[in-house]
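As structure tokens, the structure follows; a few thoughts come after it.
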2 protein chains.
Amino acid sequence: MTASAARADTRISPRKRAGNGAARRIDADEIGLDALVGHAGYAVRRFQIWIFQDFVKTLGDVDIRPTQYSVLTVIGANPGLSQMAVAKRLGIERARLVHLLDSLEQRKLVKRVKSKADRRSHALHLTTQGETALAKFKRLAAEHERHVEAKIGKENRERLLQILAGFT
Amino acid sequence: MTASAARADTRISPRKRAGNGAARRIDADEIGLDALVGHAGYAVRRFQIWIFQDFVKTLGDVDIRPTQYSVLTVIGANPGLSQMAVAKRLGIERARLVHLLDSLEQRKLVKRVKSKADRRSHALHLTTQGETALAKFKRLAAEHERHVEAKIGKENRERLLQILAGFT
DNA sequence: GAAGATTGTTGTTGACGACAACAATTGTCA
DNA sequence: TGACAATTGTTGTCGTCAACAACAATCTTC
């Protein structure tokens with residue numbers, strides 16, 4: 001590929017010409033993205049930021065972040081799992097999970113039970129307090145999910161989940 | 001919502017029962033996620049991690065990360081933009097953009113030109129070297145995009161871009 | 001001309017992914 | 001059985017990234 005062939009994508013958009021010294025004020029929404037549009041990664045990143053912020057805001061009162069929620073959900077659905085198993089399932093490094101569990105255990109939502117079968121590992125359980133708390137978190141998470149629906153549309157959300165089902 | 005109603009989602013899956021002391025070995029792919037499946041944010045996060053890693057790997061030889069690529073693309077398509085304009089357009093904090101541009105300027109891909117019109121701001125331009133480099137980056141990014149197609153399917157990728165078009 | 005807003009910069013904080021090293025324990029296999 | 005390799009939880013470091021806060025220089029507005 002030659003430089004002139006590349007220049008076809010790189011050429012500045014015709015509707016403006018800022019020049020070297022900057023001329024007039026330019027709004028963010030009139031700046032061309034060119035090749036950036038059409039990149040799945042960029043769209044996904046922006047969407048991920050939006051969805052993340054809405055989750056944090058919606059679960060703000062209970063002070064639960066997405067990763068913490070995923071850990072609680074998996075433990076709640078599979079009591080007795082080891083830290084390794086949870087980390088593998090969620091794609092979290094086991095080193096990172098240590099701090100997450102430290103925090104959740106400090107808040108009395110999770111407890112680490114020394115495993116009889118394998119004395120290296122811990123069996124993870126929700127506390128009673130953790131179970132009732134998780135129930136509340138799930139209600140708030142469902143509310144957040146409705147925000148997503150309102151943003152991209154009900155059918156689009158379901159289609160999205162279907163497309164990305166292989167990554168869960 | 002009562003606690004018993006919540007327990008319906010929280011109940012452990014019937015096909016295993018780890019108990020409190022851990023019993024047999026459990027593979028990661030047989031751990032139930034329950035409510036986590038059906039959360040758009042979780043699926044998007046996992047997908048975003050995958051796509052990010054593939055981008056970094058595919059553009060590994062030229063040592064360009066997704067954010068750097070987006071900055072170069074926007075500057076290439078809109079020469080003369082201020083740092084504020086680029087930051088706003090890409091949803092990056094202007095404080096963060098400073099370091100990104102420091103790195104790109106050090107690699108002689110971008111130059112900050114003192115603006116005549118507004119002496120507070122810098123007009124951003126690609127260097128000649130930066131333009132030819134960006135052309136190569138775009139070829140590699142296109143290759144990455146083909147990886148995405150191979151992963152989720154051509155039509156699913158296009159559908160995804162369509163659904164998320166509002167966030168770009 | 002004074003007051004307020006904007007731009008680029010520096011710094012801090014915290015979440016997060018990646019990696020390396022370590023002790024305790026378990027598994028393997030010669 | 002005993003030596004060696006693998007696993008588990010932990011600690012630590014490093015770099016990326018979002019979110020703030022503060023600041024000097026400059027522009028805008030009245």
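Every chain is numbered from 1 and lettered A, B, ... according to where its sequence line falls, protein lines coming before strand lines.
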Worksheet item: Could you give the CD-to-P distance, from B/Q53 to D/dT16, as a whole number of Å?
Response: 15 Å
Worksheet item: For B/H122 and C/dT7, what is the distance between atoms NE2 and P respectively, to the nearest whole Å?
Response: 13 Å
Fill in: Side-chain N or O of B/R94 closer than 4.0 Å to phosphate OP1/OP2 of C/dT10
no
Practice prompt. Round to a whole Å and report the spacing from NZ of A/K114 to P of C/dT26.
Written response: 11 Å
Worksheet item: Side chains of B/R65 and B/Y69: is there a donor and an acceptor less than 3.5 Å apart?
Response: no
Item to complete: Taking atom CD of A/Q162 as the centre, report whether more than 12 heavy atoms of other residues, nucleotides or ligands fall under 6.0 Å from it.
Response: no
Worksheet, complete the sentence: Taken to the nearest whole Å, CG/B/L81 to P/C/dG8 is 11 Å
Worksheet entry | Between D/dT16 (P) and B/F55 (CZ): distance, integer Å | 15 Å
Practice prompt. Mind checking A/L97 for me? I need base, sugar-phosphate or nothing, with any heavy atom below 4.0 Å counting as a touch.
Written response: nothing
Discussion item. What contact category does B/R119 fall into here, base, sugar-phosphate, or nothing, at under 4.0 angstrom with non-hydrogen atoms?
Written reply: sugar-phosphate
Practice prompt. Remember a base hit wins even if backbone is also touched, and classify A/Q83 as base, sugar-phosphate or nothing at under 4.0 Å, heavy atoms.
Written response: sugar-phosphate
Discussion item. Go nucleotide by nucleotide along DNA chain D from the 5' end; which of A/R112 and A/I49 gets its closest nucleotide reached first?
Written reply: A/R112
Response to the item:
Out of C/dC16, D/dT10, C/dG17, minimum distance to the side chain of A/R65 belongs to C/dC16
Discussion item. Without decimals, in angstroms, what is the distance between A/D102 CG and C/dA15 C1'?
Written reply: 15 Å
Worksheet, complete the sentence: So CG of A/L160 and CD of A/E158: to nearest 0.5 Å the spacing works out to 11.0 Å
Worksheet item: Looking at the side chain of A/D118, which of C/dG8, C/dT25, D/dG9 is the nearest nucleotide?
Response: C/dT25
Worksheet item: For D/dG9, does either OP1 or OP2 sit under 4.0 Å from a side-chain N or O belonging to A/R96?
Response: no
Worksheet item: If you check every side-chain atom of A/F52, which of D/dT16, C/dC16, C/dC19 has the closest atom?
Response: C/dC16
Fill in: Phosphate contact (D/dC17 OP1 or OP2) by B/T67 side-chain N/O below 4.0 Å
yes
Worksheet item: Between C/dG17 atom P and B/I51 atom CD1, what is the distance in whole Å?
Response: 17 Å
Practice prompt. Determine yes or no for a side-chain-to-main-chain donor-acceptor pair under 3.5 angstrom, with B/E145 supplying the side chain and A/A40 the backbone.
Written response: yes
Worksheet item: Under 6.0 Å from the CD atom of B/E155, do we count more than 12 heavy atoms belonging to anything else shown?
Response: yes
Discussion item. Can a donor-acceptor pair be found, under 3.5 Å and without considering hydrogens, that links the side chain of A/Q83 to the backbone of A/L97?
Written reply: no
Worksheet item: What's the closest nucleotide to the A/R120 side chain, out of D/dT8, D/dT10, C/dA15?
Response: D/dT8
Worksheet item: To the nearest angstrom, how far is B/R45 atom CZ from D/dC17 atom P?
Response: 16 Å
Worksheet entry | Minimum-distance nucleotide (side-chain atoms of A/A95 versus C/dC19, C/dT9, D/dG9) | C/dC19
Discussion item. Starting the side chain at C-beta, find the nucleotide from C/dG17, C/dG8, D/dA18 nearest to A/E93.
Written reply: C/dG17
